[in-house]
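FYI, side chains are in, hydrogens and waters are out, and symmetry mates aren't considered; it's all heavy atoms of this structure. Here, residue 1 is the first one in the sequence, and each next residue gets the next number.
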Amino acid sequence: LNIDSNFIQKAILKQFVKEYNEKFNNTNNLKFEDFNFFNDKGQVLNSRDFLECLLDNTTSQLFIDQKELDFEKIVEIKKHQAQEKKVIGNKQLENGNIQLAIKFYLEAIELDPNCATFHSNLSEAYLRFNKFEEALKAAKMAILLDQSLVKAYFRQGLAAKKLKQYSAALEILEAGKIIAEDNPTKHKFIKSIKEIEQLMDSNTNTNTNTNTNTNTN
């Protein structure tokens with residue numbers, strides 16, 4: 001039976017790197033070609049020498065380290081990881097695990113801070129957790145990153161409404177309504193705008209009555 005020794009070497013090294021990735025929670029899906037191998041004296045080894053040391057135990061300690069990846073690859077990897085975090089966050093939010101959803105959205109943002117959707121989703125999670133200041137900030141950041149993101153306008157408006165910042169809520173919802181012109185969610189903006197206008201009218205009437213009573217007394 002003829003067995004390709006190179007194939008065996010690669011299989012062992014592949015398993016070694018797999019165990020390394022699992023040990024350090026490395027989710028970059030790197031192959032053994034992406035690593036440097038060296039011994040305890042700091043001498044860089046090729047994969048064959050490293051394998052011989054590994055099997056023969058001829059050195060007291062072996063080391064493995066990731067090679068320096070190019071910037072574009074790092075960004076690509078981080079974006080992929082961030083999307084995975086977002087998906088988990090969305091699932092947690094659907095299941096009512098709001099704090100876990102916030103955790104995963106924050107982790108996604110740490111990996112890819114320029115993705116508007118992550119900030120918008122974080123705003124939604126904060127709204128459901130009654131953290132309206134945080135929801136407002138997250139929605140503002142989402143709009144700053146992507147001015148066409150309709151959901152972010154609605155979430156910022158809702159957060160402002162909850163904080164009783166009615167004028168600010170009206171302003172952002174009116175802006176969102178224009179952007180949502182052809183969006184199925186436009187009716188939500190119209191409904192919220194009417195509700196806020198009613199609240200503002202109610203507050204005006206209350207203030208007027210208070211002033212009248214004060215003058216009468």
Side-chain angles (χ1 to χ4, degrees), residues 27-29 69-204 207:
T27 58
N28 295 349
N29 297 319
L69 302 175
D70 64 83
F71 180 74
E72 288 185 1
K73 186 172 183 180
I74 291 173
V75 172
E76 181 183 342
I77 289 170
K78 284 188 173 183
K79 285 186 175 181
H80 177 72
Q81 291 176 329
Q83 285 294 333
E84 290 179 339
K85 298 283 188 182
K86 184 206 74 171
V87 170
I88 297 172
N90 288 350
K91 196 68 178 177
Q92 294 297 334
L93 196 63
E94 288 175 10
N95 293 336
N97 302 320
I98 303 174
Q99 286 180 286
L100 275 177
I102 290 171
K103 173 182 177 291
F104 283 107
Y105 290 145
L106 287 172
E107 289 178 1
I109 289 169
E110 185 176 351
L111 289 164
D112 185 7
N114 295 321
C115 179
T117 301
F118 299 162
H119 294 276
S120 180
N121 287 9
L122 177 62
S123 177
E124 175 64 24
Y126 277 136
L127 281 169
R128 297 190 191 188
F129 203 52
N130 294 329
K131 287 186 170 289
F132 304 125
E133 288 282 1
E134 290 85 347
L136 188 70
K137 291 177 183 177
K140 283 183 177 180
M141 180 57 70
I143 294 170
L144 186 64
L145 292 169
D146 183 358
Q147 296 182 3
S148 67
L149 194 58
V150 173
K151 288 182 179 180
Y153 286 87
F154 186 78
R155 287 163 180 165
Q156 183 179 336
L158 184 56
K161 176 188 174 185
K162 292 290 186 180
L163 292 168
K164 297 184 178 180
Q165 300 174 6
Y166 298 135
S167 295
L170 269 183
E171 184 178 349
I172 197 66
L173 288 171
E174 288 286 1
K177 185 180 74 171
I178 294 171
I179 294 171
E181 187 63 37
D182 299 321
N183 192 293
T185 61
K186 183 179 178 180
H187 71 279
K188 289 186 177 181
F189 285 90
I190 296 172
K191 181 181 178 182
S192 292
I193 288 169
K194 287 182 178 179
E195 289 175 351
I196 293 171
E197 287 174 341
Q198 289 173 356
L199 285 170
M200 293 177 75
D201 289 341
S202 176
N203 286 345
T204 301
N207 291 335

Mark yes when over 12 heavy atoms from residues, nucleotides or ligands other than N95 sit less than 6.0 Å from its CG; otherwise mark no. yes
Give a yes or no on whether E197 atom CD has more than 12 heavy-atom contacts from other residues, nucleotides or ligands under 6.0 Å away. yes
Are I172 and I143 close enough that some pair of their side-chain heavy atoms sits under 4.5 Å apart? yes
Atom pair [atom1]/[atom2] of [X] and [Y] - distance to nearest 0.5 Å:
{"X": "L111", "Y": "F118", "atom1": "CG", "atom2": "CZ", "value": "8.5 Å"}
{"X": "N121", "Y": "I109", "atom1": "CG", "atom2": "CD1", "value": "9.0 Å"}
{"X": "E181", "Y": "N183", "atom1": "CD", "atom2": "CG", "value": "10.0 Å"}
{"X": "K79", "Y": "C115", "atom1": "NZ", "atom2": "SG", "value": "8.5 Å"}

Which heavy atom of [X] sits nearest to which heavy atom of [Y], and what is that distance?
{"X": "M200", "Y": "L170", "answer": "SD-CD1, 3.4 Å"}
{"X": "A142", "Y": "L149", "answer": "CB-CD2, 4.2 Å"}
{"X": "L127", "Y": "A135", "answer": "CG-CB, 3.7 Å"}
{"X": "A139", "Y": "S123", "answer": "CB-OG, 3.5 Å"}
{"X": "Q92", "Y": "L100", "answer": "OE1-CD1, 3.5 Å"}
{"X": "S192", "Y": "F154", "answer": "OG-CE1, 3.4 Å"}

Passes side chain to side chain contact (heavy atoms under 4.5 Å, CB included), F132 versus L158? Steps please. CA-CA 9 Å; F132 304 125; L158 184 56; over 6 Å; no
So, using side chain to side chain contact (heavy atoms under 4.5 Å, CB included) as the criterion, who are the partners of [X] when residues are at least two apart?
{"X": "L145", "answer": "N114, A116, H119, M141"}
{"X": "K177", "answer": "E174, K186, F189, I190, I193"}
{"X": "I102", "answer": "I98, L106, L122, A125, Y126, F129"}

List the steps, then state whether side chain to side chain contact (heavy atoms under 4.5 Å, CB included) holds for Y153 with I179. CA-CA 9 Å; Y153 286 87; I179 294 171; 3.1 Å; yes
Scan for salt bridge (charged side-chain N to carboxylate O under 4.0 Å, His left out) pairs involving [range], sequence neighbours excluded, and state none if there are none.
{"range": "residues 156-167", "value": "K161-E195"}
{"range": "residues 98-125", "value": "K85-E107, K103-E107, E124-R128, E124-R155"}
{"range": "residues 133-151", "value": "none"}

Test log, rule side chain to side chain contact (heavy atoms under 4.5 Å, CB included), inputs L136 and Q156: CA-CA 5 Å; L136 188 70; Q156 183 179 336; 3.6 Å; yes
State whether the side chain of Y105 and the backbone N or O of N90 hold a donor-acceptor pair below 3.5 Å, judged by distance alone. yes
E84 versus H80, side-chain donor and acceptor atoms under 3.5 Å: yes
